[in-house]
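The structure under discussion appears below in the form of structure tokens.
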Amino acid sequence: VIPISTSVVLQLCSRSADETKKIAARLARLLSSGDVICLEGELGTGKTCFAQGLGLGLGVRVPMISPTFTLVREYPAIWPPVQLYHIDLYRIQSLEEALALGIEEYLYGDGICVIEWAERIREIIPTERLWITLSYLGETERGLHLEATGAHYEEVLRELTQQLESPASSCAEP
Ligand SMILES: Nc1ncnc2c1ncn2[C@@H]1O[C@H](COP(=O)(O)OP(=O)(O)O)[C@@H](O)[C@H]1O
Ligand SMILES: [Mg+2]
């Protein structure tokens, strides 16, 4: 049997906004040019917080604000020295709208993309990517479900799993 595609999954629980940023910063240190990180989850589950943590881990020195009113914000990263594209599709009504705004150039370029509301453009997201689903578990608790597709992202996720002290840590049921 030849597997068509495989995936590696990591389920985490964050107990504070700070912890979410730290997890994201750890992940960031494992990324390379062209990587695509998708964020899915309701309002307030911590997508922007996660993107900010990624920025910290990539050495972005300016504060990252929510890009809600601009589709894409661009930040110079240091490790690796590429652009970080923070994309927020909250106000996108259709895939066509995203395409008209040139979103594919970011997705398939050399920079690192972190995309809030990525499910809105699921059809054009590269097959190989890291997909992170955030969920609300309590006032300061968030579930983070990370799914890697493709050898590179699987390796990233395996490495992250090893680095985190207790990857199996779980939150109490909501
Ligand atoms: N464990 C946690 N992880 C992330 N954010 C948290 C957590 N606990 C509380 N929060 C709060 O939830 C909010 C998340 O907001 P934000 O990152 O803008 O979410 P989103 O972009 O998904 O709408 C922030 O006010 C943050 O302080
Ligand atoms: Mg947001």
Side-chain angles (χ1 to χ4, degrees), residues 9-31 35-77 83-95 97-99 101-103 106-107 111-126 129-148 153 156-157 160-161 163-174:
V9 164
L10 173 62
Q11 178 78 46
L12 297 171
C13 171
S14 159
R15 290 182 176 78
S16 67
D18 211 48
E19 196 176 353
T20 295
K21 284 184 188 165
K22 281 182 184 153
I23 293 166
R26 278 288 184 94
L27 168 67
R29 303 298 298 114
L30 304 170
L31 297 180
D35 281 359
V36 176
I37 311 301
C38 301
L39 302 176
E40 176 175 5
E42 294 305 308
L43 271 179
T45 49
K47 299 181 296 301
T48 298
C49 181
F50 195 94
Q52 290 167 337
L54 270 187
L56 289 174
L58 292 171
V60 170
R61 291 176 197 271
V62 293
M64 288 174 63
I65 57 164
S66 180
T68 297
F69 293 97
T70 13
L71 182 74
V72 184
R73 278 184 195 273
E74 189 173 335
Y75 300 90
Q83 294 303 106
L84 170 64
Y85 298 113
H86 183 192
I87 302 170
D88 190 333
L89 302 170
Y90 183 58
R91 295 190 182 266
I92 283 291
Q93 304 298 325
S94 65
L95 176 61
E97 200 180 326
L99 287 171
L101 289 161
I103 206 82
Y106 297 105
L107 293 178
I112 292 175
C113 289
V114 57
I115 311 156
E116 299 190 39
W117 303 98
E119 70 275 20
R120 299 194 176 178
I121 58 162
R122 202 183 290 275
E123 299 92 325
I124 58 166
I125 298 281
R129 75 292 178 103
L130 185 62
W131 196 286
I132 303 174
T133 308
L134 298 97
S135 55
Y136 184 94
L137 298 178
E139 206 171 318
T140 63
E141 293 181 322
R142 302 288 187 273
L144 303 177
H145 179 270
L146 297 84
E147 180 170 7
Y153 295 96
V156 164
L157 208 48
L160 182 66
T161 306
Q163 283 186 19
L164 296 173
E165 281 172 357
S166 53
S169 85
S170 61
C171 290
E173 290 300 315

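Counting starts at 1 for both ligands and their atoms, in listed order.
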**OP:** Quickly, which of His145, Glu119, Glu40 forms a side chain to side chain donor-acceptor pair (under 3.5 Å) with Trp131? Name it, please.
**Re:** Glu40
Original post:
Yes or no on side-chain hydrogen bond (donor to acceptor under 3.5 Å, both in side chains) for His86 and Gln52, after CA distance, side-chain angles and deciding distance?
Top reply: CA-CA 9 Å; His86 183 192; Gln52 290 167 337; over 6 Å; no
Original post:
For ligand 1, what is the set of protein residues having any non-hydrogen atom at a distance below 4.0 Å?
Top reply: Ser14, Arg15, Ser16, Ala17, Thr20, Glu42, Leu43, Gly44, Thr45, Gly46, Lys47, Thr48, Cys49, Glu116, Glu139, Thr140, Arg142
Original post:
Quick check: does any side chain N or O of Thr140 sit under 3.5 Å from a backbone N or O of Arg15, one acting as donor and the other as acceptor?
Top reply: yes
Original post:
Closest to the Mg ion (ligand 2), which N/O/S atom of Glu116 is it?
Top reply: OE1
**OP:** Assess Thr48: does it contribute an N, O or S atom lying under 2.8 Å from the Mg ion (ligand 2)?
**Re:** yes
Original post:
Checking only N/O/S atoms, does Asp88 have one that is under 2.8 Å from the Mg ion (ligand 2)?
Top reply: no
**OP:** For the pair Arg142 (side chain) and Gly46 (backbone), establish whether a donor and an acceptor sit closer than 3.5 Å, ignoring hydrogens and angles.
**Re:** no
Original post:
For Glu97, which residues count as a side-chain hydrogen bond (donor to acceptor under 3.5 Å, both in side chains) partner, sequence neighbours excluded?
Top reply: none
Subject >> Spacing of CG belonging to Leu12 relative to CG belonging to Leu164, to within rounding of 0.5 Å >> reply: 5.5 Å
Original post:
Which of parallel (below 30°), tilted (30 to 60°) and perpendicular (above 60°) describes Tyr85 and Tyr106?
Top reply: perpendicular
